[in-house]
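Heads up, the thing below is written out as structure tokens.
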Amino acid sequence: MSLSLTTGKELNKKDLLKNIAESAYNIGFGAKVHFSTFDIVDKIPGFIGFLSLSIGILALFIPIFSAKLLSGSLIILGIISLLIDRYSK
């Protein structure tokens, strides 16, 4: 039994195993990259919402950030983003 690549070369058992191992590695690496990207995309919006809510609340008490409009806007945006993140799951 003789297998060949698309180039027309004959493929022995050693080369076939090497090609299978390389393909398995590439598929596994691609799956890991996909799942890590999905994890980042899944968790970052909730983190940004919590962070903006926290900064908005702290801005009410810290005199340097005494702009009430800015802190109120951050609180509202934080609550909205947390609600959207909660209902999107």
Handout entry: Co-membership, hydrophobic cluster, residues Ile57 and Ile79, 4.5 Å side-chain
Key =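 Yes, because Ile57 and Ile79 connect within a single hydrophobic cluster, where side-chain heavy atoms sit under 4.5 Å apart.
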
Exercise for the section: Indicate if Phe29 and Ile20 have the same hydrophobic cluster label, given that clusters are the connected sets of ILVMFWY residues with side-chain heavy-atom separations under 4.5 angstrom. Expected result: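 Different hydrophobic clusters.
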
Problem - Leu60 to Ser71 - nearest heavy-atom pair and separation - result: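 Taking Leu60 first and Ser71 second, the nearest heavy atoms are CD2-OG, 3.1 Å.
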
Exercise for the section: Kindly give the heavy-atom pair with the smallest separation between Gly49 and Ser81, and that separation in Å. Expected result: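 Looking at all heavy atoms of both residues, the closest pair is CA-OG, 2.9 Å.
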
Straight-line distance of [X] [atom1] to [Y] [atom2], nearest 0.5 Å:
| X | Y | atom1 | atom2 | result |
| --- | --- | --- | --- | --- |
| Leu74 | Leu69 | CG | CG | 9.5 Å |
| Ile55 | Ile75 | CD1 | CD1 | 11.5 Å |
| Ile48 | Leu51 | CD1 | CG | 8.0 Å |

Problem - side chain to side chain contact (heavy atoms under 4.5 Å, CB included) partner of Ile80, the single match among Ile76, Leu82, Leu83 - result: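 Answer after filtering Ile76, Leu82, Leu83: Ile76.
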
